[in-house]
Each structure stands twice: as C-alpha cells, then as structure tokens.
Engineer: 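Below are the structure tokens for one structure; questions will follow.
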Amino acid sequence: MFENFSEEAKRCIFMARLAAITEKSKTIALPHLLTGIRKENAGIFRGVDWQKITLKLARLSPENLKSASQMAGDVPLDAKAKKALLAAHEIAKKAGGEPVGAAHLLAAVLSVDAKLRKQMQKAGMAKERGVAKSSAREKGAAMAVSRSGIGYDLHRLAENRKLMLGGIEVPFEKGTVGHSDGDVLCHAICDALLGAASLGDIGTHFPDSDPKWRGVSSLVFLRQVRQYLERKNLKIAHIDAVVVAERPKLGPHFPGMRAEIAKSLGVAPEQVNLKAKTNEGLGELGRGEAVAAHAIATIQSGS
Ligand code: MG
C-alpha cells in the first residue's frame, strides 16, 4: 500500500505510530494519524483554533518521542485508519498519480470522519486549501491539472531502409537507421508524453540495448506509453508535432499517420496535429542525411 507514499507521508505514519505508543494504544487510530500529520506538516493546519477541536491529540514532546521510539513492537492500524490510508492513495492517484503527501493524508482522514471534518471547518481550517471540506472525490477533481511535455528525435537516413513515420511506411529512396523501426515522429511523441507524465524518457523504457525492441514497430511504444499514462489516471488532451525532412513531401501522408498514432493512443485523430518543415537545405537535415521530429503533448490528470 505504501509504494506511492512520499517520505513526508511515511514520516506522518511513523509519528502516528509513536503517538499510539505514547498513549499505550493497541492500534493506530485517526487521532494518531492527525497527530502525525500535524507533527510533520503543521503548515497545512494554519488558521485552525485547536481549542475548538474536542478530539484529544497525543502530545509528542521530545521525551515522549524518544521513549516511544525505543519501544519495540509494531502497532497495527485500526479499521478507520486503514480506510484513511487507502483513501489517501486514491486522492493522490486522482490528482495525477503524485506521491501521497501530508495534505492527501489529511484530506483522507477528514473524508472518513465527517464529525472531525465539521469540527476542523468550524475551527477555521481554510476552505481554499481544498483539504478540510473536500470529500475524497471532490479533492481529486479539485487537484486536476494540465501538464505538457516536449519530445525530440533524429535518425540518420540510409539506403535500403524503410522510411517509417507516424506508424506508416512513406515511399522514399532512403529510410531511417535505428534499433527499432526508427520512427522519429513516434519517438518524439513518446518522449513528449513521458515528459508530461514525469515518467522519464523513451531510452529508459525501451532501451536500444534490449534485443526485444529490435525492428519493432514504434506504434508498440506508443501503446505501451498509453498504458503507463492510464495507470496514472492521466488522459491525453492533445499532441502537436513537426517533422523536419528535406524530402519527401509528407503532407499527403499525414491523414494516415494521424489515424495510426490516434488509434495507438486511444484518442481521436483531431487530437493529433502534424506539421512538416524542410531545413532550407541547411545542415544534415537540409542535405537529406537525416530526419527529425519535435512533439509537444498536453495531458490532464484527475477525473
Ligand atoms: Mg529514436
């Protein structure tokens, strides 16, 4: 359950455990979690008048912390605390797969205890933080964001090779040299999507040292990246790309490319825009020794 928990969230739970030990409780309950969150990130409670909170929080003085941390033995979570941690996981997932932090934990604790939520609101918890008032679902939606990523790729052109671009073969006297099918457009789009999702780059996921990817269609990479995004609840909003090639003319092939790219990514062709440029005869691209592509992807998180 904790694989997506940030160090901050883990420390909150650790502190909650110490709070339970200090109170000689056999389980970690919601008040202990709240104590742990407050200990780790007091800032998210700014404005709260604790006098108005009837819930008694454990006192984590340095002495208490020291003696509690010296006590052996694990303290399990009670049913509500378990529910809260699962809810925190969901809240962070809906917010774009970001690691669970103290704010997610607080939102989760308050989502499983309506009474405490009301108390926190009455005690002055700032509504604009979207933490105290929100249910887990509302919280996820409130944190929906749009992100962009950029991608670039270049492959050399050589004779006796196929020119694969955007998942289709473009008839030409030369083709790209590459470990996979050398599809610069698909590669640039993959990198743009991975960038937007903060998932690194194409080389990390599909290394050219892996024989598995030799000669493979780059549409396979797009389909795989789509799965990575889906796992993080990220939706593709739009892709725009420029292919730089002196020759051949690419415009007539764009409808086919857009259809293949869109199908692989599970979006409409209208969400994939393609443009072509020459390099005005300059450099390697201009001399027809290589073809390159730039792409930008916009994705959305949340519900
Ligand atoms: Mg490449």
Side-chain angles (χ1 to χ4, degrees), residues 147-229 234 236 238-251 253-254 256-267 271-279 282-299:
R147 304 176 183 184
S148 295
I150 189 168
Y152 169 76
D153 196 25
L154 177 146
H155 280 245
R156 283 188 294 120
L157 285 166
E159 283 169 5
N160 302 316
R161 301 278 305 185
K162 282 183 182 174
L163 177 58
M164 296 300 295
L165 281 173
I168 66 168
E169 185 181 347
V170 176
F172 190 49
E173 69 219 32
K174 288 181 185 175
T176 45
V177 180
H179 184 70
S180 62
D181 63 357
D183 188 329
V184 285
L185 178 54
C186 286
H187 295 181
I189 292 172
C190 277
D191 259 353
L193 288 167
L194 290 169
S198 294
L199 283 171
D201 65 16
I202 193 169
T204 316
H205 295 278
F206 314 105
D208 59 10
S209 54
D210 190 339
K212 187 160 75 172
W213 309 121
R214 188 187 301 276
V216 80
S217 164
S218 295
L219 294 175
V220 171
F221 300 159
L222 286 182
R223 288 198 285 271
Q224 187 66 48
V225 168
R226 172 190 174 182
Q227 279 185 24
Y228 294 151
L229 264 62
L234 298 169
I236 299 166
H238 191 72
I239 284 163
D240 187 24
V242 188
V243 183
V244 187
E246 207 64 22
R247 281 194 312 130
K249 269 215 169 311
L250 297 175
H253 302 286
F254 279 167
M257 294 182 199
R258 290 173 77 194
E260 286 299 326
I261 293 164
K263 194 167 78 182
S264 301
L265 295 176
V267 299
Q271 290 169 274
V272 181
N273 188 66
L274 300 178
K275 305 190 288 279
K277 286 273 175 225
T278 70
N279 217 42
L282 297 171
E284 294 84 354
L285 289 166
R287 288 193 298 270
E289 293 168 9
V291 55
H294 303 258
I296 184 159
T298 306
I299 62 172

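Atom set for the values below is all heavy atoms of this structure, side chains included, hydrogens, waters and symmetry mates excluded. Numbering of ligands and ligand atoms starts at 1, following listing order.
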Engineer: Knowing that exactly one of Glu169, Met164, Arg214 qualifies, which makes a side chain to side chain contact (heavy atoms under 4.5 Å, CB included) with Asp181?
Structural biologist: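 Of Glu169, Met164, Arg214, side chain to side chain contact (heavy atoms under 4.5 Å, CB included) with Asp181 is met by Met164 alone.
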
Engineer: Nearest N/O/S atom of Asp153 with respect to the Mg ion (ligand 1), by atom name, please.
Structural biologist: OD2

Engineer: Taking the six-membered ring for Trp, are His187 and Phe221 parallel (under 30°), tilted (30 to 60°) or perpendicular (over 60°)?
Structural biologist: tilted

Engineer: Do any of the N/O/S atoms of Asp183, backbone or side chain, fall under 2.8 Å from the Mg ion (ligand 1)?
Structural biologist: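 For Asp183, the answer is no, given that no N, O or S atom comes within less than 2.8 Å of the Mg ion (ligand 1).
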
Engineer: Can you check whether Leu274 reaches Leu185 side chain to side chain, under 4.5 Å on heavy atoms?
Structural biologist: yes

Engineer: Which atom name does His187 have for its N/O/S atom nearest to the Mg ion (ligand 1)?
Structural biologist: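 Nearest to the Mg ion (ligand 1) within His187's N, O and S set: ND1.
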
Engineer: Can you tell me how far CD1 of Ile236 sits from CD1 of Ile189, rounded to the nearest 0.5 angstrom?
Structural biologist: 9.5 Å

